[in-house]
Amino acid sequence: MAGRVLSVASECVPLVKTGGLADVVGALPGALAPLGWQMRVLLPAYPGVLAKLARAREVWAANDLFGGPARVVLGEVAGFEVLALDAAHLFARLGGPYSDGSGDFRDNPERFAALSWVAAELARVGDGEGWRPDIVHAHDWQGGFAPAYLRYGEVGVPSVMTVHNIAFQGIAGAERLGALRLPAAAFSPDGVEYWGNISALKAGLVAADAITTVSPRYADELMRPEFGLGLEGVIAARAGVVQGILNGIDDALWNPEADPAIVPYSARAIAGKARNRARLLAEFGLGEVAGPLAILVSRLTHQKGIDLVPEGVAAFLDHGAGLCVLGAGEPWAEAAMRALGARYPGRVGLRIGYDEALSHRMFAGGDAVLVPSRFEPCGLTQMMGLRYGAVPVVAAVGGLADTVIGASPASLAAGAATGVVFHPVDALALAQGLRKLATLYADRAQWGAMQRRGMKADLGWGASAARYAALYEGLLRG
Ligand code: ADP
Ligand code: GLC
């Protein structure tokens with residue numbers, strides 16, 4: 001069996017990206033196509049999006065979508081089909097998808113409710129060319145109202161709600177219920193109501209036929225208060241329809257043997273990685289680094305454990321290691337990274353900003369990648385690190401714990417270790433993890449073997465795409 005899926009999201013590579021959500025939404029259509037599932041991505045037409053679509057044509061229009069005219073443009077990018085929601089009053093804005101730099105847009109609930117409403121409408125009536133999805137797959141709070149509109153509209157098309165990050169819940173004041181095109185009856189504990197407000201994510205979790213998240217471990221964590229961030233009860237109540245499906249990384253985009261941004265190398269000829277390391281040191285203006293050269297490519301936020309880094313890396317740097325940081329985020333975290341750079345000139349290199357090509361050069365040149373996250377639904381950078389022979393040093397949470405096999409006497413003896421996993425998530429454990437890393441690095445034979453194991457690990461989409469396909473099939477069978 002196979003069919004049509006409408007994927008609803010606020011980000012999608014290669015059109016717009018602020019984090020891993022975009023990587024995943026952009027990879028799923030290509031991963032599902034060989035299994036017979038045609039997935040289209042419904043995305044806001046932020047400035048510049050329409051210009052990137054090939055064979056673009058209008059397939060749906062409305063005079064009034066949450067306060068202004070709107071149309072849906074179908075086009076192609078990177079081998080898959082995109083439905084871009086063109087609504088100037090909602091999406092023709094400078095800045096990022098959610099904010100112009102001076103705080104979130106105040107009408108974000110309405111903006112993404114509109115996106116979700118159009119998803120439900122396409123499921124109800126189809127587009128102008130007769131394409132109608134068999135399944136609606138909503139991602140994060142921005143797609144969360146889609147399952148709710150399907151439910152309250154009695155559309156009869158099953159839906160999947162995928163949680164990529166529960167920290168963003170899409171909260172709106174109760175007075176916006178009507179403006180969000182929700183019926184009065186929806187404002188109840190088994191509907192969209194959440195501590196007196198409206199939550200788009202809760203709406204999706206309650207109304208969807210199935211719930212997924214992006215790693216098995218995070219699926220368990222989400223039912224506990226430390227990780228569920230208030231929604232643990234809602235998710236636990238639906239435990240029977242919850243599953244964790246691990247993200248993959250795109251093998252075509254992330255391949256050290258054929259990456260145009262780097263000097264290519266492979267697991268067999270790993271010595272080639274040294275040239276990337278030397279270039280990276282030069283690019284960041286660092287001197288020779290005798291110990292491991294670690295990288296950090298991350299949003300600079302509390303989730304990512306950035307506050308643990310200065311104290312956690314001090315001894316590591318004092319003993320001859322180096323660190324290159326690429327990231328942007330919260331002002332305090334950017335300031336902490338600047339202070340670290342100033343404290344270790346020639347040892348710590350820093351780029352504040354977002355730079356895709358530089359991130360590739362960093363994975364290629366780095367010996368290790370740090371991911372000290374407090375919570376991590378899946379995480380992609382540890383997988384990119386594995387693929388490029390940059391040994392991951394990760395906190396024992398969520399997808400990090402599911403994708404990295406921590407070095408221990410037993411896992412090393414068994415030839416299984418692919419990285420360092422530390423616990424608890426604090427600066428001391430990070431420092432201990434880095435000490436372990438430096439010891440492993442000093443044993444060249446063992447280090448090389450560990451790098452090669454990571455590079456050969458299966459990190460692609462194959463197995464996970466099959467699980468999504470099985471989920472869709474189950475929903476269609478009812
Ligand atoms: P999250 O989505 O929580 O930020 P992930 O690890 O799932 O975390 O995905 C982050 C993605 O964004 C990866 O593709 C990573 O390489 C990329 N990334 C993060 N920060 C930067 C940056 N400053 N420059 C380039 N790429 C970045
Ligand atoms: C979120 C999570 C990250 C995950 C990504 C893609 O941004 O923070 O862990 O990898 O979504 O699913």
Side-chain angles (χ1 to χ4, degrees), residues 7 9-14 16-28 31 96-98 137-143 160-169 201 212-219 221-222 227 229 244-250 253-254 259 261 295-306 324-330 333-334 337 349-364 366 369-388 390 392 394-395 397-404 459 461 464 468:
S7 180
S10 58
E11 303 184 19
C12 177
V13 162
V16 53
K17 168 171 168 176
T18 72
L21 169 68
D23 293 296
V24 173
V25 171
L28 278 175
Y98 319 115
H137 188 158
H139 299 273
D140 272 353
W141 79 263
Q142 296 89 348
V160 176
M161 180 76 233
T162 294
V163 179
H164 296 264
N165 194 332
I166 204 139
F168 304 99
Q169 304 183 342
L201 183 57
T212 72
T213 186
V214 287
S215 70
R217 169 109 166 210
Y218 193 59
E221 288 172 345
L222 275 178
F227 292 100
L229 307 182
I245 303 179
L246 206 58
N247 289 333
I249 53 173
D250 189 325
L253 290 177
W254 295 97
D259 183 335
I295 62 163
L296 178 70
V297 178
S298 182
R299 290 188 289 117
L300 300 179
T301 65
H302 183 76
Q303 173 194 345
K304 301 294 181 179
I306 300 306
C324 295
V325 178
L326 168 63
E330 291 161 15
E334 294 186 356
M337 291 301 99
L350 175 64
R351 291 283 181 287
I352 295 290
Y354 188 90
D355 187 335
E356 192 84 26
L358 175 56
S359 77
H360 284 247
R361 296 195 294 277
M362 290 174 71
F363 287 108
V369 56
L370 306 189
V371 197
S373 307
R374 288 203 164 72
F375 67 95
E376 197 61 80
C378 181
L380 300 176
T381 58
Q382 82 282 11
M383 294 201 255
M384 294 158 180
L386 287 170
R387 195 84 178 81
Y388 281 67
V394 304
V397 296
L400 301 175
D402 281 345
T403 53
V404 179
L459 305 164
W461 273 102
S464 295
Y468 280 113

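Just follow the structure's listing: the first ligand is 1, and inside any ligand the first atom is 1.
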Worksheet item: What's the shortest distance from atom 2 (C) of ligand 2 to any protein heavy atom, and which residue and atom give it?
Response: His164 O, 3.1 Å

Worksheet, complete the sentence: Candidates Phe375, Trp254, Tyr354; heavy atom nearest atom 21 (C) of ligand 1 found on Tyr354

Discussion item. Main chain of Gly19, side chain of Glu11: is a donor-acceptor contact present, judged purely on distance under 3.5 Å?
Written reply: yes

Response to the item:
closest protein heavy atom to atom 4 (O) of ligand 1 is Arg299 NE, 2.7 Å

Worksheet item: N/O of Phe363 under 3.5 Å from N/O of ligand 1, yes or no?
Response: no

Worksheet item: Would you call the rings of His360 and Tyr388 parallel, tilted or perpendicular, where under 30° means parallel and over 60° means perpendicular?
Response: perpendicular

Worksheet item: Which atoms form the tightest heavy-atom contact between Leu253 and Asp259, and what is the distance?
Response: O-OD2, 4.4 Å

Worksheet item: Looking at Asn247 and Leu380, what are the two nearest heavy atoms and their distance?
Response: CB-CD2, 4.0 Å

Practice prompt. State whether the side chain of Ser464 and the backbone N or O of Leu246 hold a donor-acceptor pair below 3.5 Å, judged by distance alone.
Written response: yes

Worksheet entry | Closest approach of any protein heavy atom to atom 1 (P) of ligand 1, naming residue and atom | Lys304 NZ, 3.4 Å

Worksheet item: Can you tell me how far the CG atom of Asp402 sits from the SG atom of Cys378, to the nearest 0.5 Å?
Response: 8.0 Å

Worksheet item: Are Gln382 and ligand 1 in contact, using a heavy-atom cut-off of under 4.0 Å?
Response: no

Worksheet, complete the sentence: A student checking ligand 2 against Val24 at a 4.0 Å heavy-atom cut-off should list atoms 6 (C), 12 (O)

Worksheet item: Between the main-chain N or O of Gly398 and the side-chain N or O of Glu221, is there a donor-acceptor pair closer than 3.5 Å?
Response: yes

Item to complete: Find all atoms of ligand 2 within a distance of less than 4.0 Å from any non-hydrogen atom belonging to Val214, and give their numbers and elements.
Response: 12 (O)

Worksheet item: Is the shortest N/O to N/O distance between Lys304 and ligand 2 below 3.5 Å?
Response: no

Discussion item. How far is atom 15 (C) of ligand 1 from the closest protein heavy atom, and which atom is that?
Written reply: Thr381 CG2, 3.6 Å

Response to the item:
Counting from 1 in the order shown, the ligand 1 atoms closer than 4.0 Å to a non-hydrogen atom of Gly327 are 23 (N)

Worksheet entry | Identity of the nearest option to atom 5 (P) of ligand 1, non-hydrogen atoms only, from Val325, Leu326, Asp355, Leu380 | Leu380

Discussion item. Tell me the contacting part of Asn247 for ligand 2: side chain, backbone, both, or neither, using a 4.0 Å heavy-atom threshold, strictly below.
Written reply: side chain

Item to complete: Please report which non-hydrogen protein atom sits nearest to atom 3 (C) of ligand 2, along with the residue it belongs to and the distance in Å to one decimal place.
Response: Glu376 OE2, 3.3 Å

Worksheet item: To the nearest 0.5 Å, how far apart are CG in Leu459 and CH2 in Trp254?
Response: 12.5 Å

Discussion item. Looking only at protein heavy atoms, which one is nearest to atom 2 (O) of ligand 1, and what is the separation?
Written reply: Gly20 N, 2.6 Å

Item to complete: Taking only heavy atoms of Asn165 into account, list the atoms of ligand 2 that are under 4.0 Å away from them.
Response: 8 (O)

Practice prompt. Could you grab the distance from atom CG of Asn165 to atom CG of Asp140, nearest 0.5 Å is fine?
Written response: 6.5 Å

Worksheet entry | Contact atoms of ligand 2, heavy-atom distance to Gln303 under 4.0 Å | 8 (O)

Item to complete: Measure across Gln142 and Ser10 and return the closest heavy-atom pair with its distance rounded to 0.1 Å.
Response: CD-OG, 3.5 Å

Practice prompt. Examine the proximity of ligand 1 to His164 and report which part, side chain or backbone, both or neither, has a heavy atom under 4.0 Å away.
Written response: neither

Practice prompt. Take Phe227 and Arg217 through the test side-chain contact (heavy atoms from CB on, under 4.5 Å) and record every step on the way to the result.
Written response: CA-CA 11 Å; Phe227 292 100; Arg217 169 109 166 210; over 6 Å; no

Discussion item. Distance check, rounded to the nearest 0.5 Å: Met337 atom CE versus Leu350 atom CG?
Written reply: 8.0 Å

Worksheet item: Just which atoms of ligand 1 are under 4.0 Å from any heavy atom in Ser298?
Response: 20 (N)

Worksheet item: For Lys304 and Ser298, which heavy atoms make the closest approach, and how far apart are they?
Response: CG-OG, 3.3 Å

Worksheet, complete the sentence: Out of Gly20, Ala27, Gly379, Pro377, the nearest non-hydrogen contact to atom 10 (O) of ligand 2 is supplied by Gly379

Worksheet item: How does Asp23 reach ligand 1, by side chain, by backbone, by both or by neither, if only non-hydrogen atoms under 4.0 Å count?
Response: side chain

Worksheet item: Hey, what do you get for CD (Glu376) to OG1 (Thr381), rounding to the nearest 0.5 Å?
Response: 7.0 Å

Worksheet entry | contact_flag Cys378 ligand 1 heavy-atom lt 4.0 Å | no

Worksheet entry | Short N-O contact, Arg299 and Glu330, less than 4.0 angstrom | no

Fill in: Distance-only N or O hit between ligand 1 and Gly353, under 3.5 Å
yes

Practice prompt. Decide whether an N or O pair under 3.5 Å exists between Val297 and ligand 1.
Written response: no

Fill in: Minimum-distance protein heavy atom relative to atom 17 (C) of ligand 1
Lys17 NZ, 3.8 Å

